[in-house]
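Below, each value reflects all heavy atoms present in this structure, side chains not excepted, and no hydrogens, waters or symmetry copies. Residues: numbered from 1 along the sequence shown.
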Amino acid sequence: MQPVLRNRFHFYALFTALMIAGSVTGQIYNPTFYPADSNAAVFYLNRLDFQSPLRLNSYDTSLVDFQAYNWLDSRIPFYATLGNSGLAYRDLDFNVSRPTGFSYGINTFDAYLFQQEEIKYYLNPKPFTELDVVLGASKEQMLNVRHQQKVFRKLSVGVDFEHINSLGTYQRQKSNNRRVAFKAKYFTDNLKYGVIANYTNNKVIVQESGGIVYDSVYEMNLEPDRSIIDIRLRDAQNTIRKAGVYLQQYYQISAKKEMPKQDSGYIPDERFRLRLGRLSHSFNYEKNAMVYSDLNPQSGYYQNIYVDSVNTYDSVYFQKIEIAFAWSNADYIDRMKPQPLLVLFGIKHQLSKVVDSLVNQSFTHLTPHGEIRFTPHPLFNLEGNASLILSDDEYQGDFSIIGLAQLEILRKKTYRTTFNFGFETANHAAPYFYLHYFSNHFAWDNNFSKTLSNKLSAFITQDKLKLGVDISTINNHLYIGADTLPAQYGSSVEVFKAYFEKGERVGKFDLIGRAVYQKSSQEDIIRLPEFMAYLTMTFNLKLVKGALDTRSGFDLRYNSPYFADGYMPALRAFYLQNERETGGFIHADFFINFKVKRTRFFLKAQNILSIIVQEYDYYAVPHYPMQDFGIKFGLDWRFHD
């Protein structure tokens with residue numbers, strides 16, 4: 001370990017020990033920390049620094065969308081991918097948001113990598129275990145295992161393991177993705193001190209085909225055996241690795257207010273108590289590596305060969321260490337009486353390093369940040385956060401400001417309506433990938449201006465209805481052009497988006513859907529399907545005297561025709577293309593879901609219209625056909641003991 005890192009490690013170890021020592025008092029454990037139902041499945045995320053009460057989320061154990069087993073389906077409403085589970089993807093629902101700080105800029109595999117903000121810490125007094133298995137055509141296999149239990153009275157540990165192994169229908173389409181997170185959490189009896197920690201390890205290995213050579217062979221169904229259709233790349237592969245360690249802890253400075261005693265003679269202490277808030281600290285270390293290899297660089301697929309005409313091996317390594325300290329006025333956990341005003345002030349120190357075949361570059365950033373949530377009345381809420389980078393490099397002055405106002409009217413549950421108004425403004429330096437890159441087939445050294453983005457949003461929610469509008473403006477937008485090189489549009493681009501979400505139950509029937517209309521002012525720069533929609537129609541029925549729940553129906557998806565971005569495997573990035581339009585078809589699946597006590601399973605017939613209408617034009621990305629008709633089976637088994 002380097003001397004600087006060793007000294008910092010010693011400091012943080014001492015800091016943690018002092019926080020634990022100061023928290024060990026004789027106060028009574030608050031039983032509301034755990035849910036009343038010991039078999040309930042609830043979890044929270046990594047916001048010990050600010051959220052008070054601790055924001056609990058119910059773990060979904062219903063049959064709703066249980067058939068949406070694909071990792072992308074559960075995270076991204078609309079996306080384009082390469083025709084098999086676990087491959088590169090692109091989000092089609094436009095969004096300008098981006099974290100402040102160092103960013104490498106390649107995000108086409110992020111959904112397959114654990115992100116700290118999505119790791120679940122289960123809050124269950126009993127051991128919690130869940131096993132998911134999915135089997136499908138073309139040797140598609142998925143395995144998910146989740147487990148958490150107490151090892152001591154105040155210490156719990158757990159593990160999340162997820163794996164995709166899918167051969168694919170076409171040649172060189174295999175994915176072998178796995179990720180694992182080992183987790184631990186500890187809270188003192190009086191909740192004066194708490195800590196969560198995890199170690200994550202992610203690995204994505206995908207074969208790259210470059211797409212099929214002749215689209216007509218697929219579209220005219222000239223070769224029903226998809227595995228022998230000619231492809232553009234025969235020896236290419238992408239490997240992405242990400243590993244990291246994360247720790248977050250808090251210490252409540254003030255003593256906890258005494259709980260009322262049971263005897264009638266108890267007189268509460270009405271003296272004024274100064275609440276000194278909460279100190280928090282977090283440590284996050286991530287290391288990333290990406291390798292693109294091709295044993296046949298002279299296949300004719302690449303325009304340039306700069307280094308090696310026999311073997312392509314392009315590697316990039318980058319790492320990040322982020323240390324944060326913060327103070328907030330968050331008090332002890334009290335779910336029955338949330339605090340009307342919550343504020344947080346903090347500072348982050350981020351060290352980043354990038355290494356490739358030519359460059360070894362480091363960045364150091366100091367980022368003050370703040371957060372606020374103000375609820376003067378149960379019907380009104382204001383919240384926001386802001387951050388600013390202080391450094392002496394190109395990131396100097398980068399900032400992000402986000403705000404949201406919520407007004408609730410009509411308190412009856414059926415008619416309860418919330419009006420929401422939000423804004424986002426951010427100024428960010430170009431991600432590293434867009435500025436500097438050198439590989440066997442691509443090389444550039446750019447000097448792009450910062451990107452300024454603004455977004456205004458308004459939406460209404462009522463029961464299962466959500467209706468909203470986003471207006472985004474981007475100055476100096478970055479993209480990959482049709483020549484597969486980074487480019488920047490020097491003027492302003494506006495994107496208008498309107499969306500509608502609705503769930504409706506009529507007797508035993510459910511209708512759940514989302515529709516999006518989005519329009520770019522510069523359609524040659526930002527390519528988006530103008531209209532997208534999905535609709536799930538189900539019939540719900542209880543069988544075997546109510547012991548067996550069933551939910552059967554159809555998933556329908558559609559997006560209007562547009563010139564979808566192409567995919568360049570050697571860059572792991574999507575780029576503008578003008579060869580052909582994709583979209584304009586309905587993709588339909590039939591499914592039936594079952595639930596017996598804590599066991600769920602499904603049967604799914606995928607892309608059923610392809611065998612009914614006998615048309616073969618199902619593309620989300622040019623030259624990468626989507627999967628044909630196939631049968632999927634999935635099983636989920638959850639138990640507490």
Side-chain angles (χ1 to χ4, degrees), residues 76-81 88-99 103 105-108 398-402 422-435 437 442 444 446-459 468-499 515-533 558-568 571-584 619-623:
I76 306 172
F78 302 102
Y79 60 87
T81 188
Y89 70 93
R90 174 177 174 252
D91 192 349
L92 301 181
D93 204 339
F94 184 78
N95 189 12
V96 298
S97 299
R98 178 190 138 193
S103 170
I106 295 295
N107 308 109
T108 43
D398 281 16
F399 67 84
S400 173
I401 303 173
I402 299 175
F423 76 92
E424 296 181 26
T425 182
N427 194 42
H428 289 137
Y432 188 89
F433 170 75
Y434 286 83
L435 296 174
Y437 189 70
F442 295 91
W444 59 73
N446 296 316
N447 185 22
F448 290 135
S449 301
K450 293 191 177 190
T451 298
L452 175 65
S453 61
N454 296 283
K455 174 182 172 182
L456 295 176
S457 60
F459 60 95
V469 173
D470 294 345
I471 301 175
S472 303
T473 303
I474 309 100
N475 294 307
N476 299 321
H477 174 67
L478 290 163
Y479 62 98
I480 307 294
D483 57 359
T484 63
L485 297 176
Q488 186 169 55
Y489 185 69
S491 189
S492 174
V493 182
E494 291 78 34
V495 177
F496 172 83
K497 180 168 73 174
Y499 56 91
V516 176
Y517 173 82
Q518 49 190 2
K519 187 74 171 177
S520 169
S521 64
Q522 298 293 333
E523 295 182 351
D524 289 338
I525 304 300
I526 298 179
R527 304 276 177 86
L528 300 167
E530 193 166 334
F531 178 74
M532 304 183 296
Y558 172 85
N559 66 260
S560 55
Y562 77 113
F563 284 94
D565 286 358
Y567 176 67
M568 170 49 68
L571 297 177
R572 295 166 288 266
F574 288 87
Y575 64 93
L576 299 180
Q577 62 85 30
N578 304 299
E579 297 178 16
R580 63 170 301 162
E581 289 187 328
T582 66
Y619 296 95
V621 177
H623 312 306

From the list Thr81, Asn107, Asp565, side-chain hydrogen bond (donor to acceptor under 3.5 Å, both in side chains) partner of Arg90 resolves to Asp565

Between Gln518 and Leu528, is there a donor-acceptor pair closer than 3.5 Å when you use the side chain of the first and the backbone of the second?
no

Give the C-alpha distance, both sets of side-chain angles, the deciding distance and a yes or no for side-chain hydrogen bond (donor to acceptor under 3.5 Å, both in side chains) between Thr425 and Asn454.
CA-CA 4 Å; Thr425 182; Asn454 296 283; 2.8 Å; yes

Starting at OH of Tyr567, measure out to NE2 of His623 and round the result to the nearest 0.5 Å.
14.5 Å

I'd like to know whether Ile480 forms a side-chain contact (heavy atoms from CB on, under 4.5 Å) with Phe574, so could you lay out the CA-CA distance, the side-chain angles of the two residues, the decisive distance to 0.1 Å, and finally the verdict.
CA-CA 7 Å; Ile480 307 294; Phe574 288 87; over 6 Å; no

From CG (Asp483) to CG (Leu576), nearest 0.5 Å
9.5 Å

Contacts of Ile525 meeting side-chain contact (heavy atoms from CB on, under 4.5 Å) (sequence neighbours excluded), chain-then-number -> His477, Tyr479, Tyr489, Gln522

Backbone N/O of Phe94 and side chain of Lys497: donor-acceptor pair under 3.5 Å:
yes

Any side-chain heavy atom of Phe531 sitting closer than 4.5 Å to one from Asn559?
no

Is the backbone of Ile474 close enough, under 3.5 Å, to the side chain of Ser453 for a donor and an acceptor to pair up by distance?
no

So for atom CG, which belongs to Asn447, do other residues, nucleotides or ligands contribute more than 12 heavy atoms lying within a distance under 6.0 Å?
no

Val469 versus Tyr499: any side-chain heavy-atom pair under 4.5 Å?
no

Side chains of Asn476 and Thr451 only: does a donor on one sit below 3.5 Å from an acceptor on the other?
no

Heavy atoms of Gln577 and Gly566 approach each other most closely as CG-N, 3.6 Å

Rounded at 0.5 Å granularity, tell me how far CZ in Phe563 sits from CD in Glu523.
11.0 Å

Answer whether the closest heavy-atom distance between the side chains of Asn475 and Ser449 falls below 4.5 Å.
no

Determine whether Glu581 and Tyr562 satisfy the following criterion, side-chain contact (heavy atoms from CB on, under 4.5 Å), listing intermediate values before the conclusion.
CA-CA 5 Å; Glu581 289 187 328; Tyr562 77 113; 5.7 Å; no

With a 4.5 Å heavy-atom cut-off, do Tyr432 and Ser103 have their side chains touching?
no

Check whether any side-chain heavy atom of Met532 sits under 4.5 Å from a side-chain heavy atom of Pro77, and report yes or no.
no

Taking side chain as C-beta onward, heavy atoms only, is His428 less than 4.5 Å from Leu452?
no

Whether Glu494 side chain and Ser472 backbone form a donor-acceptor pair below 3.5 Å
no

Euclidean distance, Asn427 CG relative to Lys450 NZ, rounded to 0.5 Å
5.5 Å

Value for CG (Leu485) from OH (Tyr575), rounded to nearest 0.5 Å, stands at 12.0 Å

Please check: side-chain N/O of Asp91 versus main-chain N/O of Asp93, any donor-acceptor pairing under 3.5 Å?
yes

Could you report the tightest heavy-atom contact between Ala564 and Pro622, atom names first, then the distance?
O-CG, 3.8 Å

Tyr517 side chain to Glu530 side chain, donor-acceptor N/O pair below 3.5 angstrom:
yes

Minimum side-chain heavy-atom gap Phe496-Asp470 below 4.5 Å:
no

Just by distance, no angles: are the side chains of Glu424 and Ser97 close enough, under 3.5 Å, to form a donor-acceptor pair?
yes

Nearest heavy-atom neighbours spanning Ala80 and Ala620
CB-O, 3.6 Å

Between Pro431 and Gly105, the two heavy atoms sitting closest are CB-CA, 3.6 Å

Measure across Asp398 and Ala429 and return the closest heavy-atom pair with its distance rounded to 0.1 Å.
OD2-N, 2.9 Å

Non-hydrogen atoms of Thr108 and Ala573 that approach each other most closely
CG2-CA, 4.3 Å

Hey, would you say the Tyr79 and Tyr89 ring centroids sit under 6.0 Å apart?
no

Looking at CG of Asn446 and CZ of Phe433, how far apart are the two atoms once the value is rounded to the nearest 0.5 Å?
10.0 Å

Give a yes/no verdict on a cation-pi contact between Arg580 and Tyr619, requiring under 6.0 Å between NZ or CZ and the six-membered ring centre and an angle within 45° of the axis.
yes

